[in-house]
Amino acid sequence: MTVKVTGLSLGKDSHSHLSLDGGPEVMQYSPSYTFRNLPPGRHVVRVWITDMEHRPIGLEKSLTFEIR
């Protein structure tokens, strides 16, 4: 997946946190991340942007997708 944020520089002044299916958080400092070996079925990925101190800055999205 690729995270696109307008007006911020991921890795410089902010970074993203990701969670797949409510699982553990992954911190990501670049715009791309790959989830590997996902089983078939519906999945939900949640992405939120934080400042460099890990404080949410109000940008958050969730995406539901299906692996067949």
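Worth knowing before you read on, the calculation uses all heavy atoms, side chains too, and leaves out hydrogens, waters and symmetry mates. When a residue number appears, it is its place in the shown sequence, counting from 1.
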Test side-chain contact (heavy atoms from CB on, under 4.5 Å) on Thr64 and Val45 and set out the steps.
-> CA-CA 7 Å; Thr64 301; Val45 64; over 6 Å; no
Between Val47 and Glu60, is a side-chain contact (heavy atoms from CB on, under 4.5 Å) present by the stated rule, with each step listed?
-> CA-CA 6 Å; Val47 180; Glu60 181 176 329; over 6 Å; no
If we only count heavy atoms from C-beta on, is the Arg55 to Thr50 side-chain gap below 4.5 Å?
-> no
Please report the closest heavy-atom contact between His15 and Asp51, naming both atoms and the distance.
-> CE1-O, 3.1 Å
State which residues pass side-chain hydrogen bond (donor to acceptor under 3.5 Å, both in side chains) with Asp13; sequence neighbours excluded, sorted by chain then number.
-> none
Which distance, rounded to the nearest 0.5 Å, do you find between the OG of Ser16 and the OH of Tyr33?
-> 10.0 Å
Examine Val44 and Val3 and state if one hydrophobic cluster contains both, with Ile, Leu, Val, Met, Phe, Trp and Tyr joined whenever side-chain heavy atoms are less than 4.5 Å apart.
-> no
Transitive ILVMFWY side-chain link Ile49 to Val26, under 4.5 Å = yes
Looking at CG of Leu18 and CE of Met1, how far apart are the two atoms once the value is rounded to the nearest 0.5 Å?
-> 5.5 Å
Single-linkage hydrophobic cluster Met27~Met52, side-chain heavy atoms < 4.5 angstrom = yes
Within-4.5 Å side-chain heavy-atom neighbours: Arg46 and His17 | no
Here the gap from Leu38 atom CG to Asp21 atom CG, rounded to the nearest 0.5 Å, amounts to 8.0 Å
Distance col, row Trp48:CH2 vs His54:NE2, nearest 0.5 angstrom, shows 12.0 Å
